[in-house]
Amino acid sequence: MTYPLHPEASHFVNGRYLEDTTGTPLDVIYPATGEVIAHLFEATPAVIEQAITSARAAQKDWAARSGTERGRILRRAADIIRDRNHDLSVLETHDTGKPLQETLVADATSGADALEYYGGLAASLTGDHIPLGDGNWAYTIREALGLCVGIGAWNYPTQIACWKAAPALACGNAMIFKPSETTPLSALKVAEILVEAGLPAGLFNVVQGAGSVGAPLVTDPRVDKVSLTGSVPTGRKVYAAAAAGMKHVTMELGGKSPMVVFDDADLDSAVSGAINGNFYSSGQVCSNGTRVFVQNGIKEAFLARLAERLRGAIIGDPLDQATNFGPMVSAGQLGIVERYIAKGIEEGARLVAGGKRVDRDGFYIEPTVFADVTDDMIIAQEEIFGPVMCVLDFDDEAEALARANDTEFGLAAGVFTADLTRAHRMVQGFEAGTCFINSYNDAPVEMPFGGVKMSGVGRENAKAAIDHYSQLKSVFVRMDACEAAF
Ligand code: NDP
């Protein structure tokens with residue numbers, strides 16, 4: 001490892017770092033410079049086996065402890081994360097290239113929020129008492145699922161690890177987490193901190209590698225649940241593989257979410273929403289409102305204000321806290337975004353901002369805005385996962401809603417308007433799992449997060465996630481004699 005902050009070895013299994021240099025080499029690249037900053041190795045079958053065996057061995061005892069005890073450990077981990085927020089944020093910036101200005105407030109801190117929230121909830125996870133008449137009754141026992149596998153995308157490596165680990169562990173499960181091979185570093189620190197906080201060995205293991213490491217985890221019969229954050233094509237494959245073993249799943253997948261701006265909206269607020277919903281994390285956010293429908297009366301004013309605000313973007317060294325726009329995560333993702341921009345130009349959309357690579361090392365591309373985008377264009381239909389905003393015009397509410405929903409995705413949707421009756425009407429009509437009124441992309445742990453249609457199955461965060469990391473055992477209790485027909 002070349003940076004002192006970086007984890008000690010490739011994997012974290014059974015409570016400690018683990019190396020196996022016979023695995024396929026995995027170089028970690030700093031997106032802001034293109035330099036290799038760490039050399040890891042993908043998990044071999046032997047590492048995967050150790051992870052599964054240790055997780056299974058530890059899980060039953062963990063589930064048998066009181067929720068209060070489990071919760072205390074999670075809350076202690078949250079405190080350690082907050083104490084080390086600066087160092088963890090620097091690591092997250094190395095992993096992803098996201099500006100420190102963002103990582104200081106959105107990554108380790110949101111991971112700590114999840115650990116704190118589920119730590120607080122752990123003691124209150126119970127079943128129900130169900131009176132049935134004639135003195136008979138039933139009760140339910142809320143049980144852990146067993147061994148859960150978490151598979152992460154590369155945009156929020158710390159947050160994704162914590163959003164999966166915290167509810168899983170609170171409910172008494174063990175977890176094996178496979179980060180994206182593009183951003184393998186941060187989850188190792190989460191594992192290290194959980195053990196420091198008192199988590200018994202084996203309950204949160206991290207194994208590195210590409211999809212080829214995730215796939216055998218998904219199909220292993222000793223795994224009870226799979227939670228994936230990733231693209232729709234990967235989600236389809238992983239869901240199908242998990243279904244063959246009748247496993248529980250959570251699928252947090254991609255989107256092409258709409259943001260609808262009505263004439264009466266506060267202009268600056270709507271522009272802020274569009275900036276947050278398209279350019280935070282260089283546009284690499286699943287719930288981004290990349291189809292910005294702007295009502296005709298406000299369209300030119302919106303575009304002018306947006307262009308003016310974009311001139312305030314400070315693109316540069318992500319470790320400089322003044323920087324508010326960093327590179328793409330990888331050369332590959334940069335290439336994808338460049339191809340979509342070329343496609344938008346070819347399709348006849350009007351490029352009103354950005355569109356070019358930034359003249360410096362690393363994987364930088366300017367925040368880009370297309371206007372006059374129509375629903376049939378590829379850039380309006382496919383998830384780009386980069387800083388490319390499509391602005392579409394509309395005349396009335398019914399049209400905006402129908403076009404907003406005209407997509408296979410259903411992760412998020414937002415509306416900006418001064419008319420709150422209309423805002424709630426729009427939200428009722430949106431085919432999306434997560435909606436925003438006069439805001440965009442807020443994801444507090446207290447609020448369920450997830451998608452409908454092709455954007456996913458299940459919910460992360462809030463009390464809703466408990467149902468996806470536990471199951472109910474029903475018990476009928478007869479108080480009188482049990483009778484039979486013969
Ligand atoms: P991918 O779908 O390419 O990968 C997601 C994860 O799945 C990676 O760890 C990947 O490994 C792994 N994987 C790939 N194939 C398999 C397989 N057959 N079996 C098991 N695991 C597999 O997504 P990206 O990493 O490119 O992330 C971007 C996508 O994630 C976007 O579509 C985005 O919208 C979505 N996303 C969704 C979020 C949500 O909460 N809804 C949040 C963040 C992102 P590897 O890549 O290392 O090969």
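Start at 1 and go down the list; that is how both ligands and their atoms are numbered.
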Donor-acceptor pair between Thr250 and Arg459 side chains, under 3.5 angstrom: no

Cationic N near anionic O, under 4.0 Å, Arg142 to Asp467: yes

Please output the side-chain donor-acceptor pairs of residues 160-176 that fall under 3.5 Å, not counting sequence neighbours, one pair per line with the distance.
residue : atom : partner : partner atom : Å
Lys164  : NZ   : Ser227  : OG           : 2.9
Lys164  : NZ   : Thr229  : OG1          : 2.8
Lys164  : NZ   : Glu460  : OE2          : 3.0
Asn173  : OD1  : Leu145  : N            : 2.7
Asn173  : OD1  : Gly146  : N            : 2.9
Asn173  : ND2  : Ala168  : O            : 2.9
Asn173  : ND2  : Tyr469  : O            : 2.8

For Asp20, salt bridge (Lys or Arg N to Asp or Glu O under 4.0 Å) partners two or more places apart: none

Residues which pass salt bridge (Lys or Arg N to Asp or Glu O under 4.0 Å) with Asp361, listed by chain and number, not counting sequence neighbours: none

Per-ligand residue contacts, ligand 1, heavy-atom threshold under 4.0 Å: Ile151, Gly152, Ala153, Trp154, Asn155, Lys178, Pro179, Ser180, Glu181, Gly209, Ala210, Gly211, Gly214, Ala215, Leu228, Thr229, Gly230, Ser231, Thr234, Val238, Glu252, Leu253, Gly254, Cys286, Glu383, Phe385, Leu411, Phe449

Cation-pi check, Lys247 onto Tyr239 ring (under 6.0 Å, within 45° of axis): no

